[in-house]
A.B. asks: 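The following block contains the structure, expressed as structure tokens.
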Amino acid sequence: MINYKNEHLNCINYKSDDSYGFKYLKVSEGSSVDFSDKYNYLVFLLKGNMHFHTAEVADRKLSGGEILLLPKGSVYSHEVRQDSELVYFSFSMLASVCDKLYIQQTLSSKETIEPMSIVPIRFPMDNFLNTIVFYLNEGLNCEHLHQLKEKEMFLLFRGFYMKKELTKLFHEIAGESDFRSIIMQNYLKVRNVGELASLANMGRTTFDCKFKSVFGTSARQWMLSQLAKHVKMKAMDPDVTISDLMAEFHFNSATHFNWFCRKQFKCTPLELIHSVRRNYKPERSVRHS
């Protein structure tokens, strides 16, 4: 048992929020985990299984002994289908410049990588996670501990995982930057690219060039693609109507929404609803960023 626990709990460096660091959870079948859309999550599933669903991946099963990255701003639903135990590490950006550079260097492969790729928990990462669980259960929750353990975790990734595995796991955040964070936190709050450029405090030409260098496509096309993912995920809800979709995503007319669906999904709004409900199981826990 930890010594002088009251002194530890009253220290100014005691971690009191979930915006950064490690957390250990036991979750029962049918429940969900409260992942915030503002942070990235490295999910280490120790026991049980969880199922994740996105617009691109119908069903990604995460089993005990596996790792999954949930990038901030991603659109997904999830289920806990079996009593499970997990450790997750939440973060806004990678703290270490060395870790950023190393992960960026792993992206030399030209092969297509599926979203939500999974890699195994292997020795000595399993021992590392056991230590994390012990510390947290004992109440050792100092901010400095989390910072040190983040450094150790990435040393283990670099030392005991192949670059191909790190590419699979981290490819969606390898180019993470302050600019990307601004986009991910605000793109659903604005009506057009101009407003997004203003939030980034950039002129439109500079913003367009920067956006394409970071995201690989134009801001307009990316925003439409992201909106399509949100619409498709929301359409999975069996209680949602076409009018609900139009209201939530600010389509000002049936004609406009019909145009959007035909452009993005090659079908009408009603055909979209029938399609996703036929192919996707309604989820117990749906979250939208």
A.B. asks: Between Arg81 (side chain only) and Gly30 (backbone N and O only), is there a donor and an acceptor less than 3.5 Å apart?
C.D. replies: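 Judged by distance alone, no pair lies under 3.5 Å.
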A.B. asks: Does the side chain of Leu42 reach to within under 4.5 Å of the side chain of Leu169, using non-hydrogen atoms?
C.D. replies: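 Yes, their side chains come closer than 4.5 Å.
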A.B. asks: For Ser84 and Gln82, indicate whether the former's side chain and the latter's backbone hold a donor-acceptor pair under 3.5 Å.
C.D. replies: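 Yes; judged by distance alone, with no hydrogens or angles, the pair exists.
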A.B. asks: Could you tell me whether the side chain of His78 and the main chain of Val33 form a donor-acceptor pair under 3.5 Å?
C.D. replies: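 Checking the backbone N and O of Val33 against the side chain of His78, a donor-acceptor pair under 3.5 Å is found.
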A.B. asks: Distance-only, no hydrogens or angles: does the Tyr39 side chain make a donor-acceptor pair with backbone N or O of Pro71 under 3.5 Å?
C.D. replies: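 No: the side chain of Tyr39 does not pair with the backbone of Pro71.
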A.B. asks: Looking only at atom types and distance, does a side-chain atom of Asn258 sit under 3.5 Å from a main-chain N or O of Ala254, one as donor and one as acceptor?
C.D. replies: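 No, because the side chain of Asn258 does not come within donor-acceptor range (under 3.5 Å) of the backbone of Ala254.
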A.B. asks: Could you check, using the six-membered ring where one of them is a Trp, whether Phe157 and Phe170 have ring centers closer than 6.0 angstrom?
C.D. replies: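 So the answer is yes for these two rings.
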A.B. asks: With side chains defined as the heavy atoms from C-beta onward, is the minimum distance between Val193 and Phe207 less than 4.5 Å?
C.D. replies: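 Yes, side chains in contact.
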A.B. asks: Can you find a pair of side-chain heavy atoms, one from Phe257 and one from Phe249, that are under 4.5 Å apart?
C.D. replies: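 SC-SC contact between Phe257 and Phe249 ruled out.
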A.B. asks: Centres of the Phe44 and Phe89 rings: under 6.0 Å?
C.D. replies: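 No, they do not, as the ring centres are separated by 6.0 Å or more.
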A.B. asks: Hey, does the side chain of Asp83 reach the backbone of Glu29 with a donor-acceptor pair shorter than 3.5 angstrom?
C.D. replies: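 Looks like yes, one N/O pair under 3.5 Å.
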A.B. asks: Do Leu272 and Thr268 come close enough that some side-chain heavy atom pair is under 4.5 Å?
C.D. replies: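 Answer no - side chains too far apart.
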A.B. asks: Please step through side chain to side chain donor-acceptor pair (under 3.5 Å) for the pair Glu150 and Tyr20, ending with a clear verdict.
C.D. replies: CA-CA 10 Å; Glu150 177 188 0; Tyr20 166 80; 2.7 Å; yes
A.B. asks: Using side-chain heavy atoms (C-beta onward) and a distance below 4.5 Å, is Glu248 in contact with Lys234?
C.D. replies: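 Answer yes - side chains close enough.
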A.B. asks: side-chain contact (heavy atoms from CB on, under 4.5 Å), that's the test. Do Ile118 and Leu62 meet it? Break it down for me.
C.D. replies: CA-CA 7 Å; Ile118 289 170; Leu62 182 67; 3.9 Å; yes
A.B. asks: Decide, yes or no, whether a salt bridge links Lys149 with Glu152 under the criterion of side-chain N to carboxylate O below 4.0 Å.
C.D. replies: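 Answer for the salt bridge query: yes.
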A.B. asks: Testing the basics here: between Leu199 and Ile182, what is the closest heavy-atom pair and its distance to 0.1 Å?
C.D. replies: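 In terms of heavy atoms, the two residues are closest at O-CG2, 4.3 Å.
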A.B. asks: Check the pair Asp244 / Thr241 against side chain to side chain donor-acceptor pair (under 3.5 Å), numbers first and verdict last.
C.D. replies: CA-CA 5 Å; Asp244 293 333; Thr241 66; 3.1 Å; yes
A.B. asks: Answer yes if the ring centres of Phe22 and Tyr88 are under 6.0 angstrom apart, and no otherwise.
C.D. replies: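 Centroid separation for Phe22 and Tyr88: 6.0 Å or greater.
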A.B. asks: Do Leu148 and Tyr135 sit in the same hydrophobic cluster, where Ile, Leu, Val, Met, Phe, Trp and Tyr count as joined when their side-chain heavy atoms come under 4.5 Å apart?
C.D. replies: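 Unlinked, Leu148 and Tyr135 end up in two clusters.
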A.B. asks: Give a yes or no answer on whether the side chain of Thr167 reaches the backbone of Lys163 with a donor-acceptor pair at less than 3.5 Å.
C.D. replies: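 Checking the backbone N and O of Lys163 against the side chain of Thr167, a donor-acceptor pair under 3.5 Å is found.
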A.B. asks: Do Leu86 and Val27 come close enough that some side-chain heavy atom pair is under 4.5 Å?
C.D. replies: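 A side-chain contact under 4.5 Å exists here.
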A.B. asks: Any side-chain to backbone donor/acceptor pair from Arg60 onto Met116? Under 3.5 Å, distance only.
C.D. replies: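 Side chain of Arg60 to backbone of Met116, a donor-acceptor pair under 3.5 Å: yes, one is there.
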A.B. asks: Given 3.5 Å as the limit, does a donor-acceptor pair link the side chain of Lys72 with the main chain of Ser92, or not?
C.D. replies: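 Checked: pair present.
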A.B. asks: The test is side-chain contact (heavy atoms from CB on, under 4.5 Å); show your working for Tyr24 and Phe134 and say whether it passes.
C.D. replies: CA-CA 9 Å; Tyr24 168 64; Phe134 173 75; over 6 Å; no
A.B. asks: Cation-pi check, Arg122 to Phe160: give yes when NZ or CZ is under 6.0 Å from the six-membered ring centre and within 45° of the ring axis, no otherwise.
C.D. replies: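 The answer is no, since Arg122 fails at least one limit relative to Phe160.
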A.B. asks: Show the nearest heavy-atom pair for residues Tyr41 and Asp34, with the distance to one decimal.
C.D. replies: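 Closest pair (atom of Tyr41, atom of Asp34, distance): OH-O, 4.3 Å.
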A.B. asks: Donor-acceptor check, side chain of Glu165 to backbone of Met162, threshold 3.5 angstrom: yes or no?
C.D. replies: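 Yes; judged by distance alone, with no hydrogens or angles, the pair exists.
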A.B. asks: Can you tell me how the ring of Phe260 sits relative to the ring of Phe265, calling it parallel under 30°, perpendicular over 60° and tilted otherwise?
C.D. replies: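 Geometry flag for Phe265 against Phe260: perpendicular rings.
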A.B. asks: For the pair His53 and Glu79, evaluate side chain to side chain donor-acceptor pair (under 3.5 Å) and give the outcome as yes or no after the intermediate values.
C.D. replies: CA-CA 9 Å; His53 314 268; Glu79 302 171 274; 3.1 Å; yes
A.B. asks: Crowded around Asn127 CG? As in, over 12 foreign heavy atoms under 6.0 Å?
C.D. replies: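 More than 12 within 6.0 Å, yes.
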A.B. asks: Under a 4.5 Å cut-off applied to non-hydrogen side-chain atoms, are Leu188 and His230 in contact?
C.D. replies: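 Leu188 reaches His230 side chain to side chain.
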